[in-house]
Number of protein chains: 2
Amino acid sequence: MVYGQVPPAGKGGNQGNLLSNAARLFREKGFERTSLKEIAEACNMLPGSLYYRYSTKEALLVELMRRGVDLVTAEVEIAYACSADPVEKLRLCINAHLRALLVDSDAVYVLLFEWRALGPEAREEVIDLRDQYESLWASIIETMIAQGVVRKNVDGRLLRLIGLGALNWVATWFDPKGAHSLDAIGDFIWQIAIEGVINKDA
Amino acid sequence: MVYGQVPPAGKGGNQGNLLSNAARLFREKGFERTSLKEIAEACNMLPGSLYYRYSTKEALLVELMRRGVDLVTAEVEIAYACSADPVEKLRLCINAHLRALLVDSDAVYVLLFEWRALGPEAREEVIDLRDQYESLWASIIETMIAQGVVRKNVDGRLLRLIGLGALNWVATWFDPKGAHSLDAIGDFIWQIAIEGVINKDA
DNA sequence: GTCTATATGGGGATAGAC
DNA sequence: GTCTATCCCCATATAGAC
């Protein structure tokens, strides 16, 4: 069931504009601290007009999150197909996730950090979508374990949760003008996953 | 400057109760979605009464966050002193951080996940406090690098940010009734830091 | 599709009694 | 210290004109 969506969704227009404006504002200020008035202003419209597209503010958020899942899923799937080497696949997928979260779209950030704003019904849908995305990572990791690339005694589920956590938290501190490029950060995380940080010669 | 604090803070009373009720609610529902009415109800009081203790809702949040920083700092400092072995120190500190965040107090969670609710002034104070805590981790890591325990070519700042990210994100999915105890999760993260997950025999 | 105008409710906050 | 009473604002959402 598709929560809160307006039936035929009109003829398409510049909905994308509305969603990306909303995504940017939700990311910058958070969902509750962003009013429909602000979103409307960003689109050169008036608050009431938004209800032609979305039945509630929450429905707008849910639609945004759907786009976020679709986007990050697509990016990681493409990255996965870009190499035959399993360890290199991992590196590419890590960087794809970071790029989707921090460069390509505000929707992925909103998806990951604003789900607590959802009521029970919408929350269920979004958690399902997020789980679908995470199952992509689950299969990436399980494949690596099956191939013997990752040690068999490593818990795949824990590895996925911890790894995605390390990636997601980057969104709280990353500075595009900072010392490290996003790819450098992704490669760093990949490096830790491969061999840790301890000096074995000591 | 101590933002928003009520001057002499009265004679102590059961402020801790108020703060822990607020912390629990902020953690469960988020800051904006928790009304002063709800907090007051949890304390068997009425909304207006809260203003005797805190000049604004935000000041209450800030005080909560101060407690959160103090608590997690103390826990990690104690853990650090509990072993002489640097690698074991790291394990203990990881688990101390997780315990502070997920068992000992809701304030640490609120500190880490609700800082976006703060206005510019309060935000500056809280970010300073958080930076003080992170400098504790910075010195733990720098010491390990100086001792040659961590490879010298590893960027200490990145390691701290990524590591704390992996730890903090655990708060979004940890289930006390789940398959892994908190210590098991901490040890897993520690294990990755030490040697990664890749099978070198393959 | 967007605007005008407005209903409605709840939120944080205040003043002063007790 | 807590309660009573209440103010004021702003947010979401609606109805109907254009």
Side-chain angles (χ1 to χ4, degrees), chain A residues 3-23 25-26 28-64 110 114 116-123, chain B residues 3-23 25-26 28-64 110 114 116-123:
Chain A
Y3 177 84
Q5 196 171 42
V6 166
K11 41 179 175 173
N14 51 354
Q15 286 190 34
N17 204 4
L18 199 174
L19 283 175
S20 58
N21 279 321
L25 289 165
F26 290 164
E28 284 170 3
K29 325 192 355 158
F31 177 74
E32 288 87 3
R33 295 176 293 276
T34 303
S35 69
L36 293 174
K37 184 157 164 282
E38 288 171 291
I39 298 172
E41 264 167 15
C43 305
N44 292 109
M45 290 178 22
L46 291 170
S49 307
L50 302 181
Y51 287 87
Y52 178 78
R53 308 283 183 78
Y54 301 99
S55 58
T56 64
K57 191 187 179 191
E58 188 186 43
L60 197 169
L61 177 61
V62 171
E63 181 57 27
L64 211 72
V110 174
E114 295 291 328
R116 273 152 45 95
L118 299 169
E121 204 172 349
R123 190 179 297 201
Chain B
Y3 177 85
Q5 197 172 42
V6 167
K11 42 181 172 168
N14 51 354
Q15 288 190 31
N17 202 4
L18 197 173
L19 284 175
S20 57
N21 279 320
L25 289 165
F26 290 164
E28 284 169 4
K29 323 189 356 154
F31 177 75
E32 287 87 5
R33 294 176 293 277
T34 303
S35 67
L36 293 174
K37 185 157 163 282
E38 288 171 291
I39 299 172
E41 264 167 16
C43 305
N44 291 111
M45 291 182 14
L46 290 170
S49 308
L50 302 180
Y51 286 87
Y52 177 77
R53 309 280 184 77
Y54 301 99
S55 58
T56 65
K57 190 188 180 192
E58 188 186 41
L60 197 170
L61 177 62
V62 171
E63 181 56 28
L64 211 71
V110 173
E114 295 291 329
R116 273 153 43 98
L118 300 168
E121 204 172 350
R123 188 178 298 202

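Each chain gets a letter, A, B and so on, in the order the sequences are listed, and its residues count up from 1.
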About how many Å separate CD1 of I39(B) and NZ of K57(B), when rounded to the nearest 0.5 Å?
6.5 Å

Quick one, Y51(B) and L36(B) - any side-chain contact, counting heavy atoms below 4.5 Å?
yes

Close N/O contacts between protein and nucleotides 12-16 of chain C (under 3.5 Å):
unit_1	atom_1	unit_2	atom_2	d
dG12(C)	OP1	K57(B)	NZ	2.7
dG12(C)	OP2	L36(B)	N	2.8
dA13(C)	OP2	Y51(B)	OH	3.0
dA13(C)	OP2	K57(B)	N	2.8
dA13(C)	O5'	Y51(B)	OH	3.2

Spacing of L50(A) atom CG relative to dG1(C) atom C1', expressed in whole Å
12 Å

Non-hydrogen side-chain atoms of F26(B) and L60(B) separated by less than 4.5 Å
yes

When you measure from the side chain of R116(B) to the backbone N and O of K29(A), does any donor-acceptor pair fall under 3.5 Å?
no

Between dG11(C) (C1') and L60(B) (CG): distance, integer Å:
15 Å

Between atom OH in Y52(A) and atom P in dA15(D), what is the gap in whole Å?
17 Å

Nearest whole angstrom, please: distance from the P of dG1(D) to the CG of N44(B).
18 Å

Rounded to whole Å, CG of L46(A) lies from P of dC18(D) at a distance of 17 Å

In whole angstrom, what separates E41(A)'s CD from dC3(C)'s P?
12 Å

From CG of N17(B) over to C1' of dG1(D), roughly how many Å is that when rounded to an integer?
15 Å

Are S35(A) and E38(A) packed together at the side-chain level, in the sense that at least one heavy-atom pair is separated by less than 4.5 angstrom?
yes

Quick check: do Y54(B) and V62(B) have side-chain heavy atoms less than 4.5 Å from each other?
no

